[in-house]
Amino acid sequence: MELKRRAPKPIFKPGAISAESIGKSIANHQTKTEIGAHSIFMGQVRADEIAGKKVAAIEYTANEVIANEEVFKIREEAFDKYDLTCMHIYHSIGKVNAGEICLFIFVSSPRRNAANDACRFILEAIKEKAPIFGKEIFEDESHQWKVNS
Amino acid sequence: MNLKLTFYGQTTELVNSNQLDFHFNKTSLKDLSEELEIAYPVLTRIECKLAVNNRFENGGLILKDNDEISILPPFSGG
């Protein structure tokens with residue numbers, strides 16, 4: 001299925017990923033009637049409380065060239081491993097407030113297992129391989145560097 | 001040779017800079033890694049990956065004048 005192969009596409013969007021853009025992305029798939037299952041992962045900035053201070057936002061920076069290339073490799077690997085129809089991946093760059101969406105992974109397949117398994121695979125691979133850095137900014141404007149657990 | 005260092009994430013605060021020129025007299029990426037730890041001992045506090053001209057490379061890579069080195073602390077996307 002060579003049609004599935006695409007050139008590296010930038011994954012970064014400035015600021016939060018809006019619910020409207022996510023809704024529109026879902027709507028855009030209504031014409032693809034070979035799809036029977038979508039799996040979506042959305043990462044949301046959590047207002048963690050650390051030593052009495054609450055996280056107000058995360059500011060993301062990245063080596064965007066390497067991150068786009070690594071995510072492209074992850075995409076290709078996912079298409080090889082699972083029976084997928086299409087895939088969309090977006091990550092925020094810059095500041096995202098607590099409660100807003102910072103990561104959107106949208107995987108579509110004829111069948112549910114492929115969609116679910118691929119979505120999880122992509123999420124874990126992005127966290128491990130994409131050079132993206134989160135700075136957790138507290139309400140008093142002090143900060144600490146996010147550590148993925 | 002001269003190398004251009006670009007720091008990311010927490011390393012920007014450890015060295016108090018985003019970009020620096022670095023004079024380098026040895027040859028391989030592994031040599032550079034050792035030189036950086038001597039020049040910036042604070043970097044040994046966290047485990048960093050190095051990329052050359054926006055590619056991950058192994059330590060045996062021979063560096064050239066004007067190569068761009070990314071200093072990447074642990075990733076925390078998502």
Side-chain angles (χ1 to χ4, degrees), chain A residues 8 11-13 17 41-46 48 55 58-74 89-94 96 100-105 119-137 142-149, chain B residues 2-22 24 28-30 32-33 35-37 39-78:
Chain A
I11 63 161
F12 292 102
K13 296 278 174 199
I17 298 164
F41 176 85
M42 291 177 290
Q44 173 167 302
V45 173
R46 188 176 52 236
D48 271 345
V55 171
I58 295 181
E59 188 176 15
Y60 289 100
T61 52
N63 180 317
E64 295 190 32
V65 175
I66 300 180
N68 282 324
E69 191 59 42
E70 289 297 315
V71 172
F72 179 64
K73 284 194 248 170
I74 294 165
I89 301 168
Y90 295 109
H91 197 294
S92 294
I93 196 87
V96 182
E100 292 181 328
I101 302 298
C102 56
L103 173 60
F104 177 51
I105 301 170
C119 193
R120 189 186 177 90
F121 164 80
I122 293 161
L123 171 63
E124 297 304 323
I126 288 174
K127 289 204 173 234
E128 184 193 337
K129 294 177 177 167
I132 301 171
F133 311 98
K135 185 162 95 171
E136 294 173 319
I137 301 167
S142 61
H143 70 266
Q144 71 170 21
W145 291 91
K146 179 173 179 269
V147 178
N148 276 357
S149 50
Chain B
N2 279 304
L3 302 173
K4 194 169 118 192
L5 309 181
T6 305
F7 295 90
Y8 288 88
Q10 192 182 1
T11 66
T12 59
E13 291 181 353
L14 293 177
V15 303
N16 206 18
S17 186
N18 292 318
Q19 280 197 333
L20 289 171
D21 291 323
F22 190 75
F24 182 55
S28 72
L29 184 58
K30 185 171 178 290
L32 176 67
S33 172
E35 292 278 294
L36 286 176
E37 291 190 358
Y40 307 103
V42 284
L43 289 178
T44 57
R45 283 192 217 161
I46 49 177
E47 198 172 323
C48 291
K49 282 194 172 130
L50 299 181
V52 181
N53 302 324
N54 290 324
R55 289 171 61 103
F56 293 120
E57 302 282 0
N58 68 46
L61 181 82
I62 304 303
L63 297 172
K64 317 180 295 299
D65 198 27
N66 294 321
D67 272 347
E68 295 184 9
I69 313 295
S70 299
I71 292 115
L72 304 158
F75 308 160
S76 54

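Numbered from 1 within each chain, the chains take letters A, B, ... in sequence-line order.
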Between the side chains of A:Asn63 and B:Ser70, does any donor sit under 3.5 Å from an acceptor?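 A pair is found: one side chain offers a donor N or O, the other an acceptor, under 3.5 Å apart.
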Between A:Ala62 and chain B, with a heavy-atom cut-off of 4.5 Å, which part of the residue counts as in contact: side chain, backbone, both or neither?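 When you check distances to chain B, only backbone atoms of A:Ala62 fall under 4.5 Å.
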Between A:Glu70 and chain B, which part of the residue has a heavy atom less than 4.5 Å away: side chain, backbone, both or neither?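 For A:Glu70, the side chain is the part near chain B, not the backbone.
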From [atom1] ([X]) to [atom2] ([Y]), nearest 0.5 Å:
X: B:Phe75; Y: A:Glu128; atom1: CZ; atom2: CD; result: 9.0 Å
X: B:Gln10; Y: A:Lys135; atom1: CD; atom2: NZ; result: 11.0 Å
X: B:Asn54; Y: A:Glu64; atom1: CG; atom2: CD; result: 10.5 Å
X: A:Thr61; Y: B:Asn18; atom1: OG1; atom2: CG; result: 9.0 Å

Is the shortest side-chain heavy-atom distance between [X] and [Y] below 4.5 Å?
X: A:Trp145; Y: B:Ile46; answer: no
X: B:Glu13; Y: A:His143; answer: yes
X: B:Phe56; Y: A:Ile66; answer: yes

Kindly say whether B:Gly78 contributes a backbone atom to a donor-acceptor pair with the side chain of A:Lys146 at under 3.5 angstrom?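 Yes: the side chain of A:Lys146 pairs with the backbone of B:Gly78.
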Taking B:Ser76 for the side chain and A:Gly134 for the main chain, is one N or O donor matched with an acceptor at less than 3.5 Å?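 Yes, the answer is positive, given that a donor and an acceptor are paired below the 3.5 Å cut-off.
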Between B:Leu72 and A:Pro131, which heavy-atom pair has the shortest distance, and what is it?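 For B:Leu72 and A:Pro131, the tightest heavy-atom pair comes out as CD2-CB, 4.0 Å.
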For chain B, the option from A:Leu103, A:Val65, A:Ile126, A:Ile105 that forms the most heavy-atom pairs under 4.5 Å: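 Sorted descending by pairs with chain B, the first entry is A:Val65.
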